Structures are given as C-alpha cells and as structure tokens.
Amino acid sequence: MQTHEIIRRFTDHFTSAGHTRVPSASLILDDPTLLFVNAGMVQFKPYFLGDAPAPYPRATSIQKCVRTGDIDEVGRTTRHNTFFQMAGNFSFGDYFKAGAIEHAWELVTGSSGYGIDPERLWATVYRNDDEAFDLWRRHLPESRIQRRGGKDNYWDMGVPGPGGPCSEIYFDRGPAHGRDGGPEADEDRYLEIWNLVFMQDVRGELSPKDEHPPIGTLPKKNIDTGMGVERVATLLQDVENVYETDLVRPVIARAEEFSGRRYGASVQDDVRFRVIADHARSGVMIIGDGVTPSNEGRGYVLRRLLRRIVRSARLLGVQEPVLNSFAEVVRDAMAPSYPELRNDFERIAAVIRNEEEAFLQTLTAGSRIFDTAAATVRESGRTQLPGDQAFKLHDTFGFPIDLTLEMASEAGLTVDEQGFRTLMAEQRDRAKADAKAHKAGHSDGTAYRAVLDAAGGTEFLGYTDLAGESRVVGLIVDGVGVPAAGAGTAVEVVLDRTPFYAEGGGQQADTGWIRGDGFTVEVGDVQSPVTGLVVHRGTVTDGEITIDAPVHAEVDVTRRQAVSRAHSATHLVHAGMRRALGDSAAQAGSLNAPGRLRFDFTSPAGAVPASVLADVEDEINDVLTGDHEVRAFVTTQDEARRIGAMALFGEKYGDSVRVVEIGDYSRELCGGTHVHRSGQLGLVKLLSEASIGAGVRRVEALVGLDAFRFLAKEHVLVSQLAEQFKAKPEELPERIGGVVERLRIAERELEKVRAGAVLSSAGALADEAEDIGGTALVAAAVPDGIGGNDLRALASDVRGRLGARPGVVALFSTDAGKLSFVVATTSSARDAGLAAGTLVPSFAAAVGGRGGGKPDLAQGGGTDPSGVPAAI
Ligand code: SER
C-alpha cells in the first residue's frame, strides 16, 4: 500500500468518525519551546491546556514533523529519521481511552484500513493503567499486553505542558528480526507503529517521569495519538526499513544514478545514501516552511542537514552540485500531500543552490587549511594530524570529522580522533550550559499559568483603544506570584483587559503607564509568554500596586503611532517587493520600531537592483498619497488563502486568522497594529538593501517624520556641498568625480617627485659611507614613506656608487607606520663573507622585525621603528 493511500485511509477513517480534518501546521510554530514541530499535537496545545476553546471536539491531521536531536545517528541506524509524518486523531474532552483504542484497532486491522493480522500485534500500557489493560483484553491475549514504566509509556512534550500515560501498538516482524518477548525485549523486532496518549496531566518538572509526578490536571480528559506513517508504510510495503518505502527510496535511486554506486552493496555507502535520503526530505520541508540556512537556531540545523548531503554525495564520489536534483525528487514524492512544495519550488531551489555554492567554496577554503596543516605535520616528521586542527576544520569550516579523516587518509596521515572528540565534548558542554542559562531566564511559566488558570486570558483592547480601565489580576516578582509590589520593584503586571500590544510578529511592544489609586507602574516591555496572557513588565515608580486594584492603563501614544506606521509600511514594502520580484520574495523576518523598519525576504536572484528599489519606493509613496483605507478583519484560513493574503500559512494556532488590507495594494495575515489610512504614513524612504545570509536580503526604511527628517538632513548636506564646490546639486557627482580624479593624478605626480628626490640622495648617502675595517658601511634611516621598491632601488644605487670596495648598505624607512629595511652587499663584500641575508638577523631583533633574502640583497620589516638607531 502506497504512502498516499495510507494517509488517505487514515483521514477517511477518522473523518467518517466525526473528526474535523485539520491541515498540517507549519514546521515552524510560534512556540518558543520548540525548534520544530515534532508531533501532531503541537498545534492543538492551547486546546489541551484550556488556553483556548477547541473549535471542534474531534480532529484528525497528518502532521509533518522534524526531530533533530540525533542528526549524527541518521543513516547509521535505520531507525533514526529527522523528517517523518505523524498521522493523528485528537479528542478535546470528547472520547477517552476506550474510544482511542477502538478507533485505532479498527483502522489497523479492518479491511478498509490496513488489514494487519491481529496475531502480529502487541500493545503496551503504562504500569498501573488497568483501565487501558482491560480495554486491550477485548482484542489481545494478556500475554501480548505489556506494562511499562514512564520512560516508554508516559508522554509529554519534553518541556512543561500537557502530558499523560500512553499506550502503544507494536507489530511483530517475526523471529528473523530479533528476540522473542515483546516490545519490552526487542524494539527492532517489535516495531512501534502508533502511540495513543491519554492527555490528562500538566507537567512541570520534567524527566525522569516516574519520579516527578504531574503538577496538575488538565481541565478535560483528551486524546492525542500519533501513528508513524513511514513505519506503517514499511510494514505494508513489506520492506526492510523506512528508507526503502515508496516516498523515500526515489531519493536514494537518484543518488545511485549520480554516483554509479548501488544501495545495498556496501555498509559504508549505505549510510551515505540514507543520510542523503533523510536530509533531503527534511531540508526541503524546512525550507518550504520559510527557514533559510544560517549559523544559529533552525537555520543552523538546516545548514547542517544540507551540508551533510553534499558531503555524503562527495563520499559517494559525486563532485557536481546535487542538492537541487535531490530536492526535485522530494518535491515530486511529497507534493501530492503538500502542493505548496510545487508552487514554491523556485524559492526552495534558490535557497538550496545558494547554500550548496557557499558550502562548495567552504570546502575549497577548508581544503587549503587542511593541506597546510598536513604539510606541517609531514615536515615535522609526524604522521598524525593534531586534534585541535581537526576541531578547527570542524568548527570554522563546518568540516565533518569523517571528511577530515578521509582527507587525512588520502594524504597518508591519521587524525588524533581522541583529541578531537575531547574538544567537541568541551564545546558541547559549553553549549549545554548556555542553553540552561537561557532556559532559566524564561521562567518555566508556572506563575503565568497560575494567573491564567485563576483569571482567564487578557482581553486585548489595543486595536481600537490606547487607554482603558481595567483591573490587576496578577502580579509577579522574580517569577513568583505576589499580592502587592511597592515602589522601586521590578514587577510583571497582568490585567483583565489591556490596550498594550505585546511584542510579536516583528512589532515592538508598547510602553506606557498603569496608574491606580496612589500608585504608578512605568511599563517598559510587554510580552505574551503564555498564549492568551499579556504581561506588562515595568517598575513601580510610586505607591504600591495590589491585586484586584482598578487601574487606568495608558499606552505611550506617540510611540505606538510611530510603530504602527512602521508596521503598515512593512506591509507595503512586502507587497511592493512581491510585485517587483515575484512570489519568491517571501518575508523572512521583520522589525517594526518607532519610525523605522527592517524587512527581510528571500531573494533567489541576489541583490535587488537600485532601479527596482527606486520603483518600489515610488510605488509605495503613490499608495500613501492615494490615502487608502486600512482594514482589518478576522476570517478562516481557507478564506484568507482564497483571497490571496500573504503569509506562511499554518504559522499561527487555530483556524481563524486576522487579515490586514491596505486598499487593494496589500493583503496580509497579521496580528499587529496599523494606521487607519495609508496617508498617515506621510512618507516612506528606503535606506539600504543588503545581504544578511545565503539568499536572504534586508531592506531598511524610515517612515513618517523620521523619513522626512532624514531627507531634510541630506538636503542640508547637499546644499553645503553645492556651496563648497560651487556647483548645482545635480552637477555634484561629476564635479566631485573630477576633483577626486585630479587629486589622484596630483598625488601620483607628487609621489614620483618624492621618489626622484629620494633616489637622488644616493650620491650623498654613498659619500657618507663609514669605513669599518676596510669595509664601507652605509647604514641610514631615509625619509618616511619610501616603499619597498623605491627602498630597494635606492639601496642598489648606493651600492653601485661604492665601486669595487667591499661595502654594505642598510637602509630603513617607515611607511604608514610599518618599518621596512633593505640590506645590499657589494660582490667584494660577499667574497669576504658578508652576505645580506645573514646580516639581517644581527639587527632584526632591535626593530622587532624579521626578514631575509639572498647574499646580495635582503629585506624585511619590523614593528618597532624606535629601534632603528640601535639597529644602525
Ligand atoms: N504526541 C504523541 C507522540 O508524539 C502522540 O501523538 O508520540
């Protein structure tokens, strides 16, 4: 059964059982606790926690998932995958254990489902979950139901949040695959295909799960299940592992074509084939959801994935660029489920191409470093490349150790792997410590959650109101809920309703004041650390703020308006860029600050020509003068898509989305605040456009008065220049160009004159030769600024004038702070054993320098011009 059919049957099974079909969320969800979405339940987290009401009692989805904890293991085993699809059914306070088990059993064994022989199935339950055990007894003998501990049969997200005991379904692949004894004995023979989680707990402290009981219960009992689509495909297609299933194998086939080698012929090559197949899938899917390669976070994971593909292909003997070809295979395999891969492929391919080109350059540069290091090792008569060199290649050039090992072996060397691993471990420890420190800064959210549970979420008034009356429902100091906070305290204030906008979607937070009877809090930052809750961070400037106090919350209007102008301008820039460059100019990030903005976007074609920028700017300002209405409305994701709103769909939780329209010019999903009419922006001035990473560009712009002031300042500057150069502004470029050119010519002339003067001093220098035991010595500091060539010419000239006597000339000169020297000897001096090259060390130390050369002429440089007299 093909993978797409497995997916279809899953979806049909659950939709006919009353589940709402929900599309896969983006791999990049707005959840700071996760790098990538790694389970089907992630997009439903607020419904489980009760932060938001579930719009449906039952749902089903096929979720794209990325788990990158063990990239290095991929390929070495056949179990690790960074990309997979999780088919799930979810109940939000609707059915519970019995429903979940019955639904799963029917699909797995039923003839319109997967028709798996019940005799091959096993189940596991959490150690004391008698209820689940008894439910399984209806289908399975007791001997095929195992009880397991929290490590295997309790599931949570790995971060504080919802969790619960779970029950897993296993398929027995038969004695050829391992030992008897069920999943408890051998998880290779008994393959887990489905995890049914009975979501009922709130997890605070994490693992080990058995020792840390949950800190609370969820408002309702829920179901979250996850079936491994690729694993089921492995079984139903009767192949050895996921790499051989219908959607993965074609990538390997392409790699076979490229390399001329065969999958299955060598253990080592097979690892490489599998790395390519796995990483190509995750790489394409991650880029599809808007990530671009970079050196941190998600971008770094992506970079590693792509580079490992290129590297693996090299190890298979392929030299030419390969990534795009693999990406095409992935697109064709996955597009039936994810049509956006086809529509967006131009952009995906461009990101990939840029990264591959950059990495191939890195390979070239790193290879040079490697060659130098190898040469040094050989010269010193050793045969082992030190661990720190291997580490440097890894750290600075992204060389995986196997690359270094292979290059070393080609060069007849070994590598101090132990030393390398020690350095790697040290680096990992540092990274872990950093991560821990980072987590500590973001408190575990318990205090926020407590406020949310007690008081419900915060109502946001700020789309329409900039001030309003509300009530204090939570006060947090140093991560702990408090009843009151006095003057001077740094406090986090939660109100039942607020006009303050919490930082999000690239828009900076509002600032302002919360005032009550006898107290004021100055608000400097506003965040939403838990969905639905707005937290005002500030300082109590006088009096004492208390829980329940009525307050007047007031946003700093000037700042908010300037930020809103910037945000509306960002939408216009985005729309303008798309119109000018096509849909591949997708937003990759943005910042909306008072009066200024930054807009990052993908640009496969590289730099945007100045003329295009000028046109975009012109068009945007035309939209401003049109004074179009800015409208915001809430609609469904489907409708937003239909009317062509720009967004990375699936980025936000839930089905309803807010759309912001500026006339007919721009239509975009957005939760931010905006002006009412485009005319309020006044003026938008694009300042710069530059690269900020492979295939990603950034434009910066000023808006409103800030744009006007910038232009006014430039105008004054131009007027001053015009005055100074006695030219009209439009003549300035030519005039200044002319002046610069004349200056250059004059400088060259001056240089010649100076050199002539210096050279003409040769006679005088020769005349001053000192006689030292029959050898003429001219040792002198010549005027500064005589460069290497001139200094050599002068030394030769002086030497020529010494005639046939034994003579030594040593001249010193400082040029741009750097000391140079030249030593020249006459042939009779050389006959007497005075070689220029060996004279240099006798004085080099005095000027902090070094150098050398031939017997007749040597030169060098120094760092300490004050040592010249001593050297002489
Ligand atoms: N959340 C569970 C898992 O990831 C079941 O979907 O295994």
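Residues: numbered from 1 along the sequence shown. Only a predicted model underlies this, so the values are computations on that prediction, with no experimental measurement involved. Excluded from the calculations below are hydrogen atoms, water molecules and symmetry mates; all remaining heavy atoms, backbone and side chain alike, are included. Read the numbers this way: they start at 1 and go in the same order the structure lists the ligands and their atoms.
- Here the two rings, on W194 and Y114, have centers that are 6.0 Å apart or farther.
- Partners of R274 under the salt bridge (charged side-chain N to carboxylate O under 4.0 Å, His left out) rule, at least two apart in sequence or in another chain, do not exist in this structure.
- Aromatic rings of H19 and H103 (six-membered ring for Trp) have centroids within the 6.0 Å cut-off, being under it.
- In this structure, the side chain of T82 does not engage the main chain of R67 through any donor-acceptor pair within 3.5 Å.
- Residue pairs meeting the ring-ring contact (aromatic ring centres under 6.0 Å, His included) criterion with at least one member in residues 157-184: none, sequence neighbours excluded.
- Contacts of S337 classified as side chain to side chain donor-acceptor pair (under 3.5 Å), with partners at least two apart in sequence or in another chain: H4.
- Within 4.0 Å of ligand 1, counting heavy atoms only, the contacting residues are A39, M41, R67, M86, W155, N195, V197, D224, T225, G226.
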